[in-house]
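Let me begin by presenting the structure, written as structure tokens, before commenting on it.
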Number of protein chains: 2
Amino acid sequence: MLSQSVEYALRAVVFLARAGEPRTTAQVAEATQVPAPYLSKVLQGLARAGIVRSQRGVGGGMTLVPKPDKLTILDVVNAVDPLQRIESCPLGLREHGVKLCALHRRLDNAMKSVEDAFRNSTLADVLADPNPSVPLGSLADSAE
Amino acid sequence: MLSQSVEYALRAVVFLARAGEPRTTAQVAEATQVPAPYLSKVLQGLARAGIVRSQRGVGGGMTLVPKPDKLTILDVVNAVDPLQRIESCPLGLREHGVKLCALHRRLDNAMKSVEDAFRNSTLADVLADPNPSVPLGSLADSAE
DNA sequence: CTCAAACAGGACACCGTAGTCCAATTTAGC
DNA sequence: GCTAAATTGGACTACGGTGTCCTGTTTGAG
């Protein structure tokens, strides 16, 4: 349902948020268990979207740009692989314009519920979540 | 988010439900604006799942098997392209077993909301929906 | 029995996503 | 200014989803 790239991007962003300091692609890759060369591409996308900032050279790496309470899961998803609502009837008939048929209105409502859920989850929410099993959390300091 | 195949399958099922009688793949394809050879494959999948019954030879075609009020959108989706919940942590760490981390619990909740919405929409609901713009509805009798 | 209608199934082409690899470029520190 | 660290970008492969085509098989009707 969600692409691999989105999954990787979210893991990376959570990791970078916990770090608070620049981390190299290699460090992020190891901590989040993602193939480093591919993660590199995903992070480039996040950089283009302004979600992370990249710094080359010694001591460089990737840093999260927005404050965690200002960055939502939806922001990350849309930066990597925008989730598309059903705007108009997928059939050729554009006479129906804005209004959707019974079927596609239901499908779009499901999309909307996902969108809303993602918009209402900030990175800060995720970080603050008290959960006994915290895979990404336990890895946060692995690069220290 | 949802695959083309799912979209095609749902259009076909709605059309067949309205028809109530066998319709050939060609008829379904034209009414739902789907490439016929590909729709053929999708319908084969629905047949294997028991959602439609196929009859060869003259006067044959595809017929919807379940009563529309017993068939949900979720049934169709799962027959074609099962939407997968996040069961366990996608990271290598299976020590966490059932419990999901804060991030993946949120992602899975979004999946669950979609699943629930689809499970609560029967074909009968879709058919009965009074909507001024009814693309698929207006096509229901095009094969008569 | 024969023929035409209709589905079944396999082979193939196309394209986007996932993933790898390597050369080029920027940059901090000695 | 040289070197090592680090990102950037392009080229490449692999694979699955989408879509086409063609042959075979079933089946009803004359």
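Just so we're clear, the structure is a prediction, and the values are computed from it rather than from any experiment. In what follows, every chain begins at residue 1, and chains take the letters A, B, ... in the order their sequences are listed.
- Atom CG in B/L103 sits 6.5 Å away from atom CD in A/E7 (nearest 0.5 Å).
- Considering only heavy atoms from C-beta on, B/P90 comes within 4.5 Å of A/R11 through its side chain.
- Comparing A/G59 and A/S3 along DNA chain C, the residue whose closest nucleotide (by nearest heavy atom) sits nearer the 5' end is A/S3.
- Closest approach of B/A9 to B/L46, counting heavy atoms only: CB-CD1, 4.0 Å.
- Across the protein-nucleic acid pair, B/L43 atom CG and D/dT18 atom C1' stand 15 Å apart, rounded to whole Å.
- Proximity of A/Q27 to the phosphate of D/dA6: no side-chain N or O atom is located under 4.0 Å from OP1 or OP2.
- In this structure, A/Q44 reaches the bases: a heavy-atom distance under 4.0 Å links it to at least one base atom across the strands shown.
- When each of A/P37 and A/G57 is assigned the nucleotide of DNA chain C with its nearest heavy atom, A/P37 is the one assigned upstream, toward the 5' end.
- Note: CZ (A/R48) to C1' (D/dT7) measures 12 Å, nearest angstrom.
- A/T25 comes within 4.0 angstrom of the backbone, heavy atoms only, and of no base.
- Side-chain atoms of A/R56 stay outside donor-acceptor range of the base of C/dT27, with no qualifying N/O pair under 3.5 Å.
- A sub-4.0 Å separation between OP1 or OP2 of D/dG19 and a side-chain N or O of B/Y8 is present.
- When the C1' atom of C/dA5 is taken as reference, atom CZ of B/R23 falls 16 Å away, rounded to whole Å.
- Side chain of A/T24, nearest nucleotide from C/dA18, D/dT7, C/dA8: D/dT7.
- With distances taken from any side-chain atom of B/V58 to the nucleotides D/dT20, D/dG9, C/dA5, the minimum falls on C/dA5.
- As a whole-Å value, the separation of A/Q84 CD from C/dG16 P is 14 Å.
- Residues A/E115 and A/R119 meet the side-chain proximity criterion, which asks for heavy atoms closer than 4.5 Å.
- Atom P of nucleotide C/dT20 and atom CD of A/Q4 are separated by 12 Å, given to the nearest angstrom.
- When rounded to the nearest whole Å, the span between CD of B/E7 and P of D/dG19 equals 11 Å.
- No more than 12 heavy atoms of other residues, nucleotides or ligands shown are found within 6.0 angstrom of CZ on A/R53.
- Counting distance only, with no hydrogens placed and no angle test, the side-chain atoms of A/K41 and the base atoms of D/dG10 include a donor-acceptor pair under 3.5 Å.
- The CE atom of A/M1 sits 19 Å away from the C1' atom of D/dG16 (whole-angstrom rounding).
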Step by step, work out the side-chain contact (heavy atoms from CB on, under 4.5 Å) result for A/D75 and A/F118.
CA-CA 8 Å; A/D75 294 329; A/F118 286 175; over 6 Å; no

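- Residue B/Q55 places its side chain closer to D/dT27 than to any other of D/dT27, D/dT18, C/dT27.
- A close approach under 4.0 Å does not occur between any side-chain nitrogen or oxygen of A/S54 and OP1 or OP2 of D/dT7.
- Residue contacts shown for B/P35 are limited to sugar-phosphate atoms, with no base heavy atom under 4.0 Å away.
- Atom-to-atom, CG of B/L39 to P of D/dC21 comes out at 15 Å; the value is rounded to the nearest Å.
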